[in-house]
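To start, the structure under review is shown below, and the notes come after it.
Residue numbering restarts at 1 for every chain, and letters A, B, ... go by the order of the sequence lines.
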2 protein chains.
Amino acid sequence: MEQAKKETISTLDTGSSRTLADRVCHQLKDDIITGRLSQGSKIVEEDLAREHGVSRGPLREAIRRLEAMHLVQRIPHAGARVVTLSEKMMSDVYSVREALEGMSTRLAAEFIKPKEVDELWLLLEQHEKNIDETEGTVYFQREGDVDFHIRIAQASQNQLLVKSLSSELYQLIRMCRYRTAKAPSRPTKALGEHRQIVDAISRRDGELAEILMRRHISGAWQIARELLLKDYHD
Amino acid sequence: MEQAKKETISTLDTGSSRTLADRVCHQLKDDIITGRLSQGSKIVEEDLAREHGVSRGPLREAIRRLEAMHLVQRIPHAGARVVTLSEKMMSDVYSVREALEGMSTRLAAEFIKPKEVDELWLLLEQHEKNIDETEGTVYFQREGDVDFHIRIAQASQNQLLVKSLSSELYQLIRMCRYRTAKAPSRPTKALGEHRQIVDAISRRDGELAEILMRRHISGAWQIARELLLKDYHD
DNA sequence: TAGGGCCATATTGTTGACAATCAGGCGTGA
DNA sequence: TCACGCCTGATTGTCAACAATATGGCCCTA
């Protein structure tokens, strides 16, 4: 049992596993995003700890980190529940995203380094290839899309912004995406918008870059919301 | 020694102490903001635990929460350090604040309830009284200022925004303020700007409200930065 | 029969001991 | 003299047992 667990660690672990809490956090995070831990379900420390082959200590730390990512809500002495992603909640996420990424794009236009501009263009080329090759399979594009947004945040040279977006909000965004993982014709449109944004950034037009990014994100929300409404009709 | 600590806790504790971790977190937070725990200093779990009369468990939880507030930085197996508030860091904080509060103000203009508008006006009246009475003593105004910004966030009806601002960013803002706790003639000016903002909100002009709030915050940063530069000359 | 208070159980909060890991000093050999 | 590796002390990570607290069912009463 113990041995099997240990094995799982070294093989399956995708990246960060310096501590048990890291590993469990990483795993729980994916479980929540993909719905293996259903929304609103209660989290019982002892059960999960046994399930993951660790004691309650590391598991508690993992849960606290998930709380910081807004993936679970905790009430003292009453336990934690997986967050429920209502339409209102998703709307809230997109609003915060719009604000934060709007700012990051504006700052990126001001402070981005030449090398980072080149890398952005390169990234978009790869996206285009992926779209051409896979056509319908939007998944790679989605991963890439996140990458794109994170890189712009990094280009803003604002560490707090990077942390807020990539550690705190990123997982919620992924979760929103997972619920609306369809959107057939969007990738090409998104790519075009991404190009416009990078163009504005490389021309150091922060004001325009911010507007384009905000429009890009609020547009994505419009589409996602329509998808949700359609789902309710099914 | 131990006894004295206990006493301080039960008397000074302003509100939240449902658990030991809550209490210690609250206290450490204040220690960091006021500089009793100096910036960049290493945090040793066992020392702090003994000092606060708790075991390492709750203390670790407290530290993790401080990490979520960006007040400490942690490295696995290497411990935690109190954040150092460089000018760059403060600049980053104000940028994020501008983005988040700009959005909250825009949303507040759209979704605020009549009752909340009344409360905002009332709050500003109290601020005016405080300024008239205390003249130089800016402290109350400062507390009130935070209250003002948080209330607008609440009026936006965006829970994520409220949480991000009041739990995650608020303490960093307080820390910035503590370092530049002078600014003699600012309160009156700030009050005027606050009035303009509430006016725009009550007229449901979200676009203007956002612009005014962003200008208000970036103006505050300009003043704070000048204060910092002057400090370097001393 | 409905409502309210009490008790048992499950779950979280807390603790101290143990194991794993890191940082710095020391000695050894080239 | 310098570089390398080991070793020791300190510090964090992990665990399992204990204490405090909430949830839900039961009984009693009106």
- For L122(B), does the CG atom have more than 12 heavy-atom neighbours from other residues, nucleotides or ligands under 6.0 Å away? yes
- Item | Rounded distance in Å - CZ (R60(A)) to C1' (dG13(D)) | 15 Å
- Note on the structure: Rounded to whole Å, the CD-C1' distance (E46(A) to dT9(C)) equals 13 Å
- Task: Could you state the atom-to-atom distance from CD1 of I75(B) to C1' of dA23(C) in whole Å?
- Result: 13 Å
- Starting from C1' on dT12(D), measure out to CD1 on I63(B) and report it in whole angstrom. 10 Å
- Item | Minimum heavy-atom distance between F148(A) and V198(A), given as atom pair plus value | CE1-CG2, 3.6 Å
- Task: Scan I43(B) against the nucleic acid and name what it touches under 4.0 Å (heavy atoms): base, sugar-phosphate only, or nothing.
- Result: sugar-phosphate
- Would you kindly give the CG-to-P distance between D47(B) and dT12(D), to the nearest whole Å? 8 Å
- Query: Can R74(B) and E61(A) be said to form a salt bridge (Lys or Arg N to Asp or Glu O under 4.0 Å), step by step?
  - Reply: CA-CA 13 Å; R74(B) 244 179 27 134; E61(A) 168 156 357; 2.8 Å; yes
- Message: Any base atoms under 4.0 Å from G79(B), or only sugar-phosphate, or nothing? Heavy atoms, all strands.
- Response: sugar-phosphate
- Could you pick out which residue, A78(A) or E61(A), lies toward the 5' side of DNA chain D when each is mapped onto its nearest nucleotide? E61(A)
- Tell me which nucleotide among dT14(C), dT14(D), dC22(C) gets nearest to the side chain of L20(B). dT14(C)
- With Q171(B) as partner, the option from I32(B), L66(B), L71(B) fulfilling side-chain contact (heavy atoms from CB on, under 4.5 Å) is L71(B)
- Query: Starting at CZ of R56(B) and ending at P of dG16(C), how long is that distance when rounded to a whole Å?
  - Reply: 12 Å
- Has T19(A) got a side-chain N or O lying under 4.0 Å from the OP1 or OP2 atom of dT12(D)? no
- Given atom CZ of R64(A) and atom P of dT14(D), what is their separation to the nearest angstrom? 12 Å
- Of the listed dG13(D), dT21(D), dT15(C), the closest approach to the H77(B) side chain comes from dG13(D)
- Which of dT14(C), dG13(D), dT12(C) is nearest the side chain of E45(B)? It is dG13(D)
- Message: Under 3.5 Å, is there any donor-acceptor pair linking the side chain of R18(B) to the base of dG13(C)?
- Response: no
- Side-chain ion pair, K163(A) and E168(A), N-O less than 4.0 Å: no
- Query: Nearest-Å distance, CG (L59(B)) to P (dG16(C))?
  - Reply: 13 Å
- Which nucleotide, dT12(C), dC15(D), dT15(C), lies nearest any side-chain atom of K42(A)? dT12(C)
